[in-house]
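Below: the structure, in structure tokens.
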2 protein chains.
Amino acid sequence: MQSNRQKRTNDPEGMRRRVLDKAEESFQARGFHATSLGDVMAAAAVTGGALHHHFPTKKALALAVIEERVAEVVRRTWVEPLRSSASVRAGVRQVFATVADRLERQGFVRGCPLNNLAHELSLADSDFRVRLASIFKEWRSAIADKVRADQQAGGEAGTDPERFAASVVALYSGAMSMAKTAQDSSLLRLCAKELDESAGGVLN
Amino acid sequence: MQSNRQKRTNDPEGMRRRVLDKAEESFQARGFHATSLGDVMAAAAVTGGALHHHFPTKKALALAVIEERVAEVVRRTWVEPLRSSASVRAGVRQVFATVADRLERQGFVRGCPLNNLAHELSLADSDFRVRLASIFKEWRSAIADKVRADQQAGGEAGTDPERFAASVVALYSGAMSMAKTAQDSSLLRLCAKELDESAGGVLN
DNA sequence: TTATGAACAGGACAATCACCCTGTTTTGGA
DNA sequence: TCCAAAACAGGGTGATTGTCCTGTTCATAA
């Protein structure tokens with residue numbers, strides 16, 4: 001303890017980020033209950049004191065992962081791409097394709113981050129459930145808003161925005177669930193194709 | 001221990017069934033990792049020795065729940081109703097409606113038994129994953145077979161059986177996932193309606 | 001410089017967990 | 001009737017867990 005006299009550098013944001021990184025990773029790979037704080041401490045190379053300083057309880061850590069990481073993944077994967085797409089249909093198709101490409105490249109399916117935590121934690125704690133539900137809501141709203149924008153531009157006649165949005169989220173969530181269980185990303189492409197052709201025509 | 005001298009009645013099947021009942025219930029309500037064997041023992045009113053006699057490990061208990069209970073729920077809810085329905089479309093619509101009715105009557109959403117366990121256990125253990133995947137497969141096959149039967153009868157032209165089956169399972173799984181997180185069964189009805197009207201016509 | 005609180009270290013703690021072990025009772029066939 | 005195996009009882013155990021506690025070090029403002 002006296003030989004390697006390296007000074008300790010206080011880096012609250014960095015340490016918090018490292019903990020969140022490893023917690024998110026382990027929560028997704030092994031689940032919340034199967035992840036011990038010892039696992040997180042070891043992976044992030046932080047002490048118990050530091051972990052407890054930033055996240056008083058395991059629940060607080062999970063809430064931070066949900067609000068700061070899972071929500072961000074949904075925004076980055078769905079909300080933002082949709083905003084800059086030519087149409088809902090095109091945007092949705094593009095997201096499905098992008099995700100399927102990534103899954104094929106990495107060779108395994110870890111599942112949808114939101115659904116993974118939602119299934120394990122929704123019934124366990126109301127605080128978890130409410131926050132997870134609001135992320136689902138934000139996801140659906142992004143799609144529904146895009147439908148309405150298309151309708152303002154003269155397209156998507158006869159499409160119910162909320163119903164379409166819920167169905168897209170459901171289809172994606174379920175397809176990813178199956179892909180995870182079967183470890184087969186082709187199920188995602190299969191469902192994407194169904195969405196395309198059920199449009200009833202040659203929409204962009 | 002001497003006053004109430006009631007004889008012990010050996011009832012292996014009954015005891016095994018009671019354990020399975022409570023294990024299934026708790027696995028669904030709280031999850032596998034959040035359920036302790038002590039919980040199951042207390043709920044089923046069995047001793048540690050008895051539990052360990054029928055299920056050597058917690059994993060063995062979970063495998064039994066998956067194969068004897070979860071698989072049965074899928075068969076009872078989906079496979080059998082589909083077999084006796086007039087058409088795929090009618091059968092699928094009927095299942096969605098039946099489940100939604102039940103959810104509204106009971107007032108809360110516990111989620112799809114298969115998806116609940118699949119999300120928590122698929123990545124944890126390959127034995128779990130393979131068996132859960134085969135239940136998904138059986139589910140999809142029941143739908144695809146019914147599509148092919150309809151096609152033999154002259155209907156469902158242009159419908160890809162496997163693709164349609166995967167999409168129905170995905171839509172249902174995802175809708176149930178959202179309904180569970182939001183504790184709102186109307187999302188199930190919303191997605192069911194989308195499935196109806198995307199059929200493109202007035203099919204039976 | 002100094003002082004105050006945040007940032008971090010590291011061990012202790014009680015509770016819980018899955019599993020195992022030994023012993024007893026019941027069952028069914030020889 | 002007898003006996004071997006199945007069925008069950010119930011306590012024990014080592015390992016793990018989340019949390020807490022007491023110190024020590026760093027950063028920042030006065």
Side-chain angles (χ1 to χ4, degrees), chain A residues 1-24 26-27 29-66 120-121 124-125 127-128, chain B residues 1-24 26-27 29-66 120-121 124-125 127-128:
Chain A
M1 280 305 171
Q2 50 192 1
S3 56
N4 57 346
R5 192 90 200 84
Q6 57 182 8
K7 302 182 56 138
R8 194 184 87 199
T9 311
N10 278 11
D11 180 19
E13 291 94 359
M15 171 156 287
R16 203 186 121 94
R17 184 175 47 81
R18 280 191 346 253
V19 170
L20 238 37
D21 283 342
K22 299 303 180 182
E24 176 189 16
S26 188
F27 286 170
R30 284 172 254 175
F32 172 78
H33 286 105
T35 296
S36 77
L37 293 182
D39 294 339
V40 177
M41 284 164 50
V46 301
T47 63
L51 178 58
H52 183 259
H53 176 74
H54 290 283
F55 307 100
T57 65
K58 194 184 180 186
K59 172 177 172 177
L61 176 58
L63 284 175
V65 167
I66 290 172
E120 188 177 3
L121 300 178
D125 191 292
D127 294 328
F128 287 141
Chain B
M1 278 304 174
Q2 51 191 0
S3 56
N4 56 347
R5 193 88 200 87
Q6 57 184 9
K7 301 183 58 140
R8 193 184 88 200
T9 313
N10 278 11
D11 181 20
E13 291 93 0
M15 172 156 286
R16 204 186 119 95
R17 184 176 45 81
R18 282 193 342 254
V19 170
L20 238 37
D21 282 342
K22 299 305 179 180
E24 175 188 17
S26 188
F27 287 170
R30 284 172 253 175
F32 172 77
H33 287 104
T35 296
S36 76
L37 293 182
D39 294 340
V40 176
M41 284 164 51
V46 301
T47 63
L51 177 60
H52 182 259
H53 176 74
H54 290 283
F55 307 100
T57 64
K58 195 184 181 185
K59 173 177 172 176
L61 176 58
L63 284 175
V65 167
I66 290 173
E120 188 178 2
L121 300 178
D125 192 292
D127 293 329
F128 287 142

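Note that this is a predicted model, so its numbers are computed, not measured. Lettering of chains follows the sequences in order, A, B, ..., and the numbering in each one begins at 1.
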Among C:dT26, C:dA9, D:dA9, the one nearest any side-chain atom of B:N10 is C:dT26
For A:T47, all residues meeting side chain to side chain donor-acceptor pair (under 3.5 Å), sequence neighbours excluded:
none
Rounded distance (Å) that lies between atom P of D:dA7 and atom NE2 of B:H53:
4 Å
What's the CG-P distance between B:L51 and C:dC20, to the nearest Å?
12 Å
Heavy-atom donor-acceptor pair, A:S26 side chain to A:T35 backbone, under 3.5 Å
no
Rounded to whole Å, how long is the line connecting atom CD of A:E13 with atom P of C:dA7?
8 Å
B:T47 has its side chain closest, among C:dC8, C:dT26, D:dA9, to D:dA9
Mind calculating the distance between CZ (B:R8) and P (D:dA6) to the nearest angstrom?
14 Å
Can you measure B:R16 atom CZ to D:dC8 atom P for me and round it to whole angstrom units?
12 Å
Nucleotide by nucleotide, 5' to 3', does protein get under 4.0 Å of the base (B), only the sugar-phosphate (S), or neither (-) in nucleotides 11-19 of chain C, counting heavy atoms?
------SSS
Rounded to whole Å, how long is the line connecting atom CZ of B:R18 with atom C1' of D:dA7?
13 Å
Tell me, please, whether A:F27 has A:K22 positioned over its six-membered ring: NZ or CZ under 6.0 Å from the ring centre and within 45 degrees of its axis?
no
Basic-acidic side-chain contact under 4.0 Å: B:R30, B:D39:
yes
For atom CZ of A:F55 and atom P of D:dT19, their distance in whole Å:
13 Å
If we only count heavy atoms from C-beta on, is the B:K58 to B:F32 side-chain gap below 4.5 Å?
yes
Side chain of A:T9 only, please: which of D:dA27, C:dC8, D:dA9 is the nearest?
D:dA27
Would you mind reporting whether B:L37 and B:L61 have side-chain heavy atoms less than 4.5 Å apart?
yes
